[in-house]
There are 4 protein chains.
Amino acid sequence: MPSTTFFNLSASKRQRIIDAAVDEFASAPYARAKLDRIVDAAGVSKGSLYQYFDGKADLYRWLLTEYLASKKLAAIGAGAPPAGASVWTVLEHAFLAGVRFAAAEPSLAQLGARFIRDHELEPELAAVAQQHKAMSEAWLSELLTSAQQRHELRSDVDISVAVGFLLHALGEGMLDQLARRLGMSLEALLATPDASARLNDEELLALVRSVTDLFCHGAGA
Amino acid sequence: MPSTTFFNLSASKRQRIIDAAVDEFASAPYARAKLDRIVDAAGVSKGSLYQYFDGKADLYRWLLTEYLASKKLAAIGAGAPPAGASVWTVLEHAFLAGVRFAAAEPSLAQLGARFIRDHELEPELAAVAQQHKAMSEAWLSELLTSAQQRHELRSDVDISVAVGFLLHALGEGMLDQLARRLGMSLEALLATPDASARLNDEELLALVRSVTDLFCHGAGA
Amino acid sequence: MPSTTFFNLSASKRQRIIDAAVDEFASAPYARAKLDRIVDAAGVSKGSLYQYFDGKADLYRWLLTEYLASKKLAAIGAGAPPAGASVWTVLEHAFLAGVRFAAAEPSLAQLGARFIRDHELEPELAAVAQQHKAMSEAWLSELLTSAQQRHELRSDVDISVAVGFLLHALGEGMLDQLARRLGMSLEALLATPDASARLNDEELLALVRSVTDLFCHGAGA
Amino acid sequence: MPSTTFFNLSASKRQRIIDAAVDEFASAPYARAKLDRIVDAAGVSKGSLYQYFDGKADLYRWLLTEYLASKKLAAIGAGAPPAGASVWTVLEHAFLAGVRFAAAEPSLAQLGARFIRDHELEPELAAVAQQHKAMSEAWLSELLTSAQQRHELRSDVDISVAVGFLLHALGEGMLDQLARRLGMSLEALLATPDASARLNDEELLALVRSVTDLFCHGAGA
DNA sequence: GATGAATGAGCGTTCATTCAT
DNA sequence: GATGAATGAACGCTCATTCAT
C-alpha cells in the first residue's frame, strides 16, 4: 500500500515513478526486476521509493491490484455488453476489450501478462495471483452456469473444463494468439511493447471471432 | 551433459541426486532453486555435484531433455495409438498418456510443467524451452491440418487457434484441470506430489473425454 | 570506472580504500589479491566496494590507468626535459623521474611493476597492459630513430634491440637495479615499501648515470 | 621430489606425464595450470600423479630444477666455448645456445621463460626462482669481473648494471627480441610453440650479434 | 601400485533493505 | 520528506588434495 506521501507527490513525479515501475516490471519477471533501474528511470532516490512503498513487493502489488486494475476497468467499462446479453456477446466483448487494451496499453498489458505467468513471486504476491485467478474463475463459472440454464450452452458441457479453456484464452492464450497473428514468438511480443499496434481493429475482431467460434462450435466436422 | 563419473555412481546414489534435483527444480522456479538444497538432500558435497554436471544449468537441462524425456517416452510409448487412427483417437491417447504420467510421476510432471511456464531461464535454457514448444506446435499443426484434409475437422476452423488450445490443454491446462478435479489449486497440486494418485483411471478417462468433447463439439447448444 | 558515489566519499575514506587496494595489489599478483583483504583493511563492507567499482578488475584498472597514471604524471611533469634536448638528456630525465617516483611512492611503483610483469590478468586487463607497453615502445622507437637521424646514435645500432633494452631498464630493470643498490632482492624490495627512501638523490643520480653510460658507450674496452 | 615409483614407470609412461606437464605449465602460468588437464593429457589417474609427486608445486619444481636443467645442460654443453675464451665469445656462445634451445625445444624454453616471469608462485617455488636467479647473477658477475681484470671491459663500467642488462637479455629479453624479430607479441610467441623455428640459424646469429654489439659498443655515436 | 570419487574452504558478485544525515 | 551511502547474507562455482577401494 503506498503511503499518503506518495499521493501528495506532484502528479508528474508520481506518474514518472509509476511509468518507470511499469516499464521495469513489464520487461522482466518480478525476480529480475531491479529497484535500482526503477529509481534511475524515475529520477528519485532509493530512500524515497521506500517512503512511498514498503518495498519491492508492495510496489508490484499496488501496480497490479490498484493501478492496472483501475486502468483496465476504465478501458473496458466503456464498451460493456448490454445487460441481458447472451453469453456469446458477453464473451466477445470481453475478448475484444482484452485485445484492444493490449494493443492500446502494451506495457500495462505486458505487466498483467507477466503477472499471470510469473513464477518468481513472493508467497505474498502469489496469494494475490491466486485470488485474481479465483475471481476470474468465479465470474466465468457463473457466466457459463447461467448460460447453461438459459440453454445457450449444451447441458452436458463440463463447466469446469470450459472455464479452464476460457481462462487461458482470455489471459495468456490471448497474447499467444496475438503473437501468432503477428508472426512472432510470445517472448518477442513481450519484448516489443507496441507490436500489437500493428493489428487493426478488424484483424483483432477476426481473431476474437476465431476463438469464440472454436469455443462455440468445436473443431469437429 | 553429465560426466561419465555420474554414470559410474551406484544406482542408489545417482537416484538420490536425481530425486533431490527433481524435487528442488519442481518446487521452485529455476532462479530460486538452490544447489545447496540439492546437495543437502542428496547427501553429497557441492564439489561432487560439480564433478557430475557442469553447473546448475547443465543439471537442469539434463533433467529435462534427457531424464524427463526418457521417462515420458517410456510411459507414453506403451499406449501409442494405432497407425491411421483418427485425430480424435490420437488426441485422446495423448491426453490419457499425459494425465497418467502426471498421476504416476507427479514430481517429474511438475518439473515439466514448471519448465514450460518458467520465465527465469538462462538464455540457453530459454532456447531449449522454445525449441520444445516449437516441436509440439509443429506436431499439432500437422496433425490438425491432415485431419482437416481428411474432413475429420471442419474446413473453416482456424488451425492456429486450435493448436493454441491444444497446446495449452496438453500442457499446463492438463495440470490445471487435474487440480480442479481434485478440488485444489494448481499451486497446491504442485506442492503435493502424490495428490494425483487420488484419481483412479476411470476419473482420468472422464476428464480426458470432457476435454476432447469440448474441443470436438464446442460448448454451443 | 568508479561510480560518482566513490568521489562523493569523504577524502579520508576514499584514501583509505585506495591505500588498501594499492597495498593489496602491490603485495600480490592480481589473481591472488583478495577483495576481502581490501575491504577489511579499508574498513568498508564488500557491498560498498561494489557500489564504488564494478568489480575487482574495474578497481584494478582504475588504480593503474587513472590513479597511478595521474600520480606519476604529477611527479614526472615537474622535471620535464627542455624541448630540443639530446636523447641522452631525455633518457636521463626519464630515468631520474622513474627512480625518484619509485623512491617517493614505493607502493605505487610496486603496483606498476607488478602490472608489467603480471601474467594472471583477465583478457581485458591484459589488453591494457599490452597497450601500455606498445605506447612505451612507440615513444622509445621514435626517440631513438630521430636521435639516429641527428647522429646522436650510431647509424648501425639495431633500434629494436635498443628499444628492448631501454624498455626493460625503464621498467622492471629499474626496480631491479634499485634493489641491487640497496643490497636486497627485488622481492624483498617489493615487500619493503620504504626501502627506496634509504637512497639519497645523489645515489639515485649515480645509478641513473651508470645505466645511461652503459647504454651510450657500451661495456667494451 | 618424485617418488621412486615414478622412476620405475615405463619410460613411455613417464615421458607422457612429463610432456603433459611441460605443455600445461608452458601454456599457462603456474596458478592457472590445472592438474586435471595434465592427468587427462597424460592418461594417468589423479591419484597416481600424487603417488609420483607430492603435489602441484613438487611436480613443477622437479620439472624446472631437474628435468629442464638437465635438458638445457645437454643442449648447451655441446657447444661450450673454448677455455680461456674472451668474454665476448663466452657471451655470444651463451646467447646462441639460448636462442637455439628456444628454437629447438620451444615448450621447454617457454616453461623456463614462464618460470622467470611468473609471479604466482608459491613461496616455496619463489625461493627456487630466487636461487636460480642468484646463480645466474653470480656466474655473470664473476665473468664480467674477471673480464674487467683482463681489460676486456672498461674499468669504469658498473658491473652490477651490466649484470642486470645481461640477465635480462639472456632471459626474458631474449624471448622479447625473438618475438620482435618474428613480428609477434611476446604473448603470441608463448602461445605458438614452434614459431621460433621460423628463424634460421643465420638470423639467430644476426640477432645475437645485434645484442652483443649493443652491449659492447653502446649506442652512442 | 592404481584409481577416481569425494571434499570444502574460499572466491567474486548481487541487490533488497536500512538509516544517518 | 528526501537522500544515497552502507550493508551482509546468500549465491554459483573452482580445484588441489585426500583416501577408500
Side-chain angles (χ1 to χ4, degrees), chain A residues 3-6 8-9 13 31-40 44-59 122, chain B residues 3-6 8-10 13 31-39 43-59 122, chain C residues 3-10 13 31-39 43-59 122, chain D residues 3-6 8-9 13 31-40 43-59 122:
Chain A
S3 68
T4 61
T5 314
F6 182 62
N8 291 338
L9 251 34
K13 185 172 190 178
R32 282 226 274 259
K34 311 280 180 240
L35 290 190
D36 276 321
R37 272 199 293 255
I38 295 177
V39 301
D40 277 4
V44 298
S45 73
K46 228 164 173 184
S48 291
L49 196 68
Y50 269 85
Q51 232 158 25
Y52 308 146
F53 296 92
D54 281 347
K56 187 182 178 182
D58 188 47
L59 167 57
E122 317 270 289
Chain B
S3 66
T4 62
T5 305
F6 183 62
N8 290 341
L9 252 37
S10 76
K13 185 170 194 177
R32 280 231 274 262
K34 310 292 178 218
L35 290 189
D36 276 327
R37 270 200 292 256
I38 296 177
V39 301
V44 299
S45 73
K46 231 171 180 178
S48 289
L49 195 68
Y50 270 86
Q51 232 169 30
Y52 308 146
F53 296 92
D54 281 346
K56 187 181 176 182
D58 187 48
L59 168 56
E122 319 266 288
Chain C
S3 67
T4 62
T5 305
F6 182 62
F7 296 111
N8 290 341
L9 252 37
S10 76
K13 185 171 194 174
R32 281 230 274 262
K34 310 292 178 216
L35 290 189
D36 276 326
R37 269 200 293 256
I38 295 178
V39 301
V44 299
S45 72
K46 232 167 175 180
S48 290
L49 194 67
Y50 270 85
Q51 236 171 23
Y52 309 146
F53 295 92
D54 281 345
K56 187 183 177 181
D58 188 47
L59 168 57
E122 319 265 288
Chain D
S3 68
T4 60
T5 315
F6 181 62
N8 290 338
L9 252 34
K13 185 171 189 179
R32 280 226 275 260
K34 312 279 179 240
L35 290 190
D36 276 321
R37 272 199 293 254
I38 294 177
V39 301
D40 277 5
V44 299
S45 73
K46 229 165 173 182
S48 291
L49 196 68
Y50 270 85
Q51 233 158 24
Y52 308 146
F53 296 93
D54 280 346
K56 188 183 178 181
D58 188 47
L59 167 57
E122 317 270 290

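Because the structure is a prediction, the values reported are computed rather than measured. Lettering of chains follows the sequences in order, A, B, ..., and the numbering in each one begins at 1.
Both distances falling under 3.5 Å, in either a Watson-Crick or a G-U wobble arrangement, place E/dA9 opposite F/dT14. With a 3.5 Å ceiling on both atom-pair distances, the Watson-Crick or G-U wobble partner of E/dC19 is F/dG4.
If you take CG of C/D58 and P of E/dT14, they are 12 Å apart, rounded to a whole angstrom. One interatomic measurement links the two molecules: CG of B/L49 to C1' of E/dA5, which rounds to 13 Å at whole-angstrom precision. Rounded to whole Å, the distance from CG on D/D36 to P on F/dT14 is 11 Å. Counting to the nearest Å, the C1' atom of F/dA2 and the CD atom of A/Q51 are 7 Å from each other.
Comparing C/K34 and A/R32 by the nucleotide of DNA chain E whose heavy atom lies nearest to each, the residue mapping closer to the 5' end is C/K34.
When distances are taken from the side chain of D/T5 to each of E/dT17, F/dC11, E/dA2, the shortest belongs to E/dA2.
The base of E/dT17 does not come close enough to the side chain of A/K56 for any donor and acceptor atom to sit less than 3.5 Å apart. Between the side chain of B/K46 and the base of E/dT7, no donor-acceptor pair of N or O atoms lies under 3.5 Å.
In terms of phosphate contacts, D/S45 brings no side-chain nitrogen or oxygen within less than 4.0 Å of OP1 or OP2 of E/dA2. Side-chain nitrogen and oxygen atoms of A/Y52 include at least one within less than 4.0 Å of the OP1 or OP2 phosphate oxygen of F/dA2. Phosphate contact (OP1/OP2 of F/dG4, side-chain N/O of C/N8, threshold under 4.0 Å): absent. Between C/S48 and F/dT7 there is a side-chain polar atom (N or O) within less than 4.0 angstrom of OP1 or OP2. Distances shown here put a side-chain N or O of D/Y50 below 4.0 Å from the OP1 or OP2 atom of F/dT17.
Atom CG of C/L59 sits about 5.0 Å away from atom CZ of C/F53, to the nearest 0.5 Å.
D/A31 and D/K56 make their closest contact through O-NZ, 3.7 Å (heavy atoms, listed as atom of the first residue, atom of the second, distance).
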